[in-house]
Undergrad: 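One structure is given below, represented as structure tokens, and several questions about it will come after.
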Amino acid sequence: MAAPPPLVIWEPHVSRLLRYKDLIPRLEVALAKFSSRDSAEVLQPVRTTVPLQKHNGFLGLMPTYMQNDGVLCTKMVCFYQREDGSTLPSTQATVVLLDPERGDVRAVMDGEVITSMRTAAVSAISAKLLMRPDAEVLAILGTGRQALSHYNVFTEFFSFKEVRVWGTNKERMAKFCDAVTGPVKACDTVEEAVRGADAIVTVTRLTEPLLFGRWVKPGAHVAAIGACRPNFRELDDVLMKQAVVYVDSRDGALSEAGDVILSKAEVYAELGEVINGKKAAHTEKTTVFKSLGMGVQDAVAAKLVFDQWQSETVEKK
């Protein structure tokens with residue numbers, strides 16, 4: 001019997017079907033499975049990247065197989081270092097969900113919503129595990145799509161008295177402030193944004209450190225999302241070496257994260273090891289979660305979207 005044609009699920013539908021309240025618990029389970037190092041739970045190589053030198057970008061390929069869950073998925077993502085004023089997107093992503101037995105494509109999905117939401121959701125998990133429970137001030141460095149998704153999930157799941165934002169472009173910073181649904185304070189400098197902050201999110205396209213340890217409050221939690229290449233940085237050596245460093249994947253961090261590689265900072269634990277009870281959550285210390293994103297996160301999000309779509313289809317019949 002021939003397989004049915006694949007579903008095509010683009011951005012409006014992915015946005016409607018994917019919710020943080022459903023996604024976060026599934027990602028917590030996925031992180032724990034990944035860190036168990038059981039290949040039947042998660043089989044995922046480090047991201048393969050192909051340089052697009054003519055266009056100052058890269059193509060990243062992120063396959064994942066979850067044997068016990070029957071999930072086979074890959075994401076293709078192009079990311080670029082755009083010049084200021086460019087009208088071209090800095091990232092474009094597509095997620096493909098396959099049938100692991102037959103090998104045929106079950107669904108093709110917009111990957112931008114999945115990427116922004118699963119990344120922000122994992123950052124929120126890092127904060128749940130590592131941020132002090134009495135945290136009151138959140139600082140976001142960056143004003144793009146990831147900055148907005150992080151604002152949304154952090155303000156949905158945590159109660160901050162103040163949220164600050166900084167960006168390299170004042171016009172984009174104003175647009176960010178207009179786009180959010182809650183209060184936010186625009187800051188003129190990085191130092192102004194982060195001084196005294198209990199939680200700091202860095203989601204920039206910068207390649208040199210912008211966040212310095214001397215500005216960071218002792219005991220603060222930093223979720224570092226940008227700088228996804230071995231020669232890119234967002235955090236300085238002082239911060240990386242004074243903090244307890246957590247990652248999503250050790251192998252990924254040691255091959256791709258310039259913040260880790262160039263600072264030679266020790267990676268203390270993966271988030272999944274904390275969830276599994278193998279490593280401690282040092283909420284009393286300054287902590288850094290260096291995020292690179294993993295295929296298993298895309299796979300879990302794509303499976304959730306696919307299941308929600310099928311459930312809606314059954315209900316309509």
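Keep in mind that the numbers below use all heavy atoms, side chains included, and drop hydrogens, waters and symmetry copies.
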Undergrad: Quick check on the hydrophobic clustering: are Phe154 and Val222 connected, directly or via other members, by side-chain heavy-atom contacts under 4.5 Å?
TA: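 Looking at the clustering, Val222 is in a separate group from Phe154.
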Undergrad: Check Gly252 against Val46 and note the closest heavy-atom contact, atom names and distance.
TA: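 So the two residues come closest at N-CG2, 4.2 Å.
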Undergrad: Could you walk me through whether Gln242 and Thr286 pass side-chain hydrogen bond (donor to acceptor under 3.5 Å, both in side chains), step by step?
TA: CA-CA 7 Å; Gln242 73 185 15; Thr286 304; 5.1 Å; no
Undergrad: Kindly confirm or rule out a cation-pi arrangement of Arg229 over Phe232, judged by NZ or CZ under 6.0 Å from the six-membered ring centre and within 45° of its axis?
TA: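 Relative to the ring axis of Phe232, which defines the angle, Arg229 lies outside at least one limit.
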Undergrad: Could you tell me if the side chain of Arg145 sits less than 4.5 Å from the side chain of Thr91, heavy atoms only?
TA: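 Heavy-atom side-chain distance check fails, nothing below 4.5 Å.
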Undergrad: Can you classify the ring geometry of Phe176 versus Tyr151 as parallel (below 30°), tilted (30 to 60°) or perpendicular (above 60°)?
TA: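 Phe176 vs Tyr151 ring planes: perpendicular.
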Undergrad: State yes or no: do Phe158 and Val180 share one hydrophobic cluster built from I, L, V, M, F, W and Y residues joined by side-chain heavy-atom distances below 4.5 Å, directly or via other members?
TA: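 Per the 4.5 Å side-chain linkage, Phe158 and Val180 are co-clustered.
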Undergrad: What are the two closest heavy atoms between Cys78 and Leu52, and how far apart are they?
TA: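 Answer, listing the atom of Cys78 first, then Leu52: SG-CD1, 4.3 Å.
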Undergrad: Can you label the angle between the Phe212 ring and the Trp215 ring as parallel, tilted or perpendicular, going by 30° and 60°?
TA: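 Phe212 and Trp215: perpendicular rings.
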Undergrad: What is the minimum heavy-atom distance between Val260 and Ala253, and which atoms define it?
TA: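 Shortest heavy-atom separation between Val260 and Ala253 comes out as CB-O, 4.2 Å.
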Undergrad: Is there a donor-acceptor contact under 3.5 Å from the side chain of Arg26 to the main chain of Asp22?
TA: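 Confirmed, Arg26 side chain pairs with Asp22 backbone.
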Undergrad: Rounded to the nearest 0.5 Å, what separates atom CG in Asp236 from atom CG in Leu211?
TA: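 So the gap between those two atoms works out to 7.0 Å.
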Undergrad: Would Thr64 and Asp298 count as a side-chain contact (heavy atoms from CB on, under 4.5 Å) if you check the C-alpha gap in whole Å, the side-chain angles of each, and the deciding distance to 0.1 Å?
TA: CA-CA 9 Å; Thr64 299; Asp298 300 308; over 6 Å; no
Undergrad: Using modelled atom types only, decide if a donor and an acceptor are shared between the side chain of Arg164 and the backbone of Ala193 within a distance under 3.5 Å.
TA: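 Present.
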Undergrad: Can Val163 be reached from Tyr20 by stepping across I, L, V, M, F, W or Y side chains whose heavy atoms are under 4.5 Å apart?
TA: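 Yes, same cluster.
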Undergrad: Just checking Lys241: does its NZ atom have more than 12 heavy atoms from other residues, nucleotides or ligands closer to it than 6.0 angstrom?
TA: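 Enclosed.
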Undergrad: Any chance you could measure Asp104, atom CG, to Arg106, atom CZ, to the nearest 0.5 Å?
TA: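 Answer for the CG-CZ pair, Asp104 versus Arg106, is 8.5 Å.
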Undergrad: For a quick test of reading the model, state the closest non-hydrogen atom pair linking Leu98 to Thr74 and the distance between them.
TA: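 For Leu98 versus Thr74, the nearest heavy atoms are CD1-N, 4.5 Å.
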Undergrad: Evaluate side-chain contact (heavy atoms from CB on, under 4.5 Å) for Leu206 paired with Thr168, printing each intermediate quantity in order.
TA: CA-CA 9 Å; Leu206 300 179; Thr168 57; 4.2 Å; yes
Undergrad: Evaluate the side-chain proximity of Asp134 to Asp198: yes if any heavy-atom separation is below 4.5 Å, no if none is.
TA: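 They are not in contact (no side-chain heavy atoms under 4.5 Å apart), so the answer is no.
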Undergrad: Any heavy-atom pair between the side chains of Met240 and Lys290 that's under 4.5 Å?
TA: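 No, too far: nothing below the 4.5 Å cut-off.
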Undergrad: So do Asp38 and Lys33 actually touch side chain to side chain, heavy atoms under 4.5 Å?
TA: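 Side-chain contact under 4.5 Å: no.
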Undergrad: Kindly give the heavy-atom pair with the smallest separation between Arg195 and Arg214, and that separation in Å.
TA: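 Scanning both residues completely, I find the closest heavy atoms to be NH1-O, 3.3 Å.
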Undergrad: Closer than 3.5 angstrom, by distance alone: can the side chain of Asp259 be matched with the main-chain N or O of Leu235 as a donor-acceptor pair?
TA: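 Yes; at least one donor-acceptor contact below 3.5 Å.
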Undergrad: Starting from Val113, can I reach Leu17 by hopping between I/L/V/M/F/W/Y residues whose side chains sit under 4.5 Å apart?
TA: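 Yes, Leu17 and Val113 fall within the same hydrophobic cluster.
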Undergrad: Look only at the side chain of Ser291 and the backbone of Ile225, and say whether a donor-acceptor pair between them is shorter than 3.5 Å.
TA: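 Looks like no, no N/O pair under 3.5 Å.
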Undergrad: When you look at Arg205 and Ser90, which way does the side-chain contact (heavy atoms from CB on, under 4.5 Å) test go after all the steps?
TA: CA-CA 9 Å; Arg205 290 181 289 165; Ser90 59; 3.8 Å; yes
Undergrad: Are more than 12 heavy atoms, taken from residues, nucleotides or ligands other than Glu284, located less than 6.0 Å from that residue's CD atom?
TA: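 It does: Glu284 CD has more than 12 such atoms within range.
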Undergrad: Given side chains that start at C-beta, do those of Gln92 and Glu112 come closer than 4.5 Å, heavy atoms only?
TA: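 Heavy-atom side-chain distance check passes, below 4.5 Å.
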Undergrad: Just how far is it from atom CZ of Arg233 to atom OG1 of Thr207, taken to the nearest 0.5 Å?
TA: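 Arg233 atom CZ to Thr207 atom OG1 measures 11.0 Å (nearest 0.5 Å).
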Undergrad: Quick check against the 3.5 Å criterion: does Gln44 have a side-chain atom that pairs as donor or acceptor with the backbone of Val296?
TA: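 Yes, the answer is positive, given that a donor and an acceptor are paired below the 3.5 Å cut-off.
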Undergrad: Between Arg250 (side chain only) and Tyr268 (backbone N and O only), is there a donor and an acceptor less than 3.5 Å apart?
TA: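 It does hold such a pair.
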Undergrad: Can you tell me if Arg47 uses its side chain to pair, donor with acceptor, with the backbone of Leu292 under 3.5 Å?
TA: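 Here the side-chain-to-backbone pair exists.
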Undergrad: Looking at every heavy atom in both Ala265 and Val245, which two are closest together, and how far apart are they?
TA: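 Nearest pair, atom of Ala265 first, then Val245: CB-CG2, 4.4 Å.
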Undergrad: Using atom types as modelled and distance alone, determine if a side-chain donor or acceptor of Thr119 lies under 3.5 Å from a backbone N or O of Ser116.
TA: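 Side chain of Thr119 to backbone of Ser116: no pair is present.
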Undergrad: Is there a donor in the side chain of His13 and an acceptor in the side chain of Glu11, or the other way round, less than 3.5 Å apart?
TA: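 Result is no, nothing qualifies.
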Undergrad: Where do Val77 and Thr115 land on the side-chain contact (heavy atoms from CB on, under 4.5 Å) test, with the steps shown first?
TA: CA-CA 9 Å; Val77 54; Thr115 301; 5.6 Å; no
Undergrad: Taking the six-membered ring where the residue is Trp, are the ring centres of Phe289 and Tyr246 under 6.0 Å apart?
TA: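 They do not qualify: ring centres at least 6.0 Å apart.
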Undergrad: Look only at the side chain of Asn276 and the backbone of Ala32, and say whether a donor-acceptor pair between them is shorter than 3.5 Å.
TA: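 Yes, because the side chain of Asn276 sits within donor-acceptor range (under 3.5 Å) of the backbone of Ala32.
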Undergrad: Answer whether the closest heavy-atom distance between the side chains of Gln297 and Leu31 falls below 4.5 Å.
TA: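 Result yes, sub-4.5 Å side-chain heavy-atom pair found.
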Undergrad: Got Leu23 and Leu304 here, is their nearest side-chain heavy-atom distance under 4.5 Å?
TA: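 They are in contact (side-chain heavy atoms under 4.5 Å apart), so the answer is yes.
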Undergrad: Can you measure from OG1 (Thr202) to CD (Glu234) and round to the nearest 0.5 angstrom?
TA: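 It comes to 3.5 Å.
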Undergrad: For the backbone of Arg16 and the side chain of Arg19, can you confirm whether one donor and one acceptor N or O come within less than 3.5 Å of each other?
TA: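 Yes, Arg19 side chain to Arg16 backbone: donor-acceptor pair under 3.5 Å.
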Undergrad: Is the shortest heavy-atom distance from the side chain of Val153 to the side chain of Ile24 under 4.5 Å?
TA: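 With C-beta onward as the side chain, the pair touches.
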Undergrad: What I want to find out is whether Lys279 reaches Glu273 closely enough, with some N-O distance under 4.0 Å, to be called a salt bridge.
TA: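 Looking at Lys279 and Glu273, the cut-off is not met.
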Undergrad: Could you check whether Glu41 and Ser36, counting side-chain N and O atoms only, form a donor-acceptor pair closer than 3.5 Å?
TA: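 Per modelled atom types, Ser36 and Glu41 side chains form no pair under 3.5 Å.
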Undergrad: Any link between Val108 and Leu61 through a network of hydrophobic side chains (Ile, Leu, Val, Met, Phe, Trp, Tyr) touching at under 4.5 Å?
TA: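 As far as the 4.5 Å side-chain criterion goes, Leu61 and Val108 are connected within one cluster.
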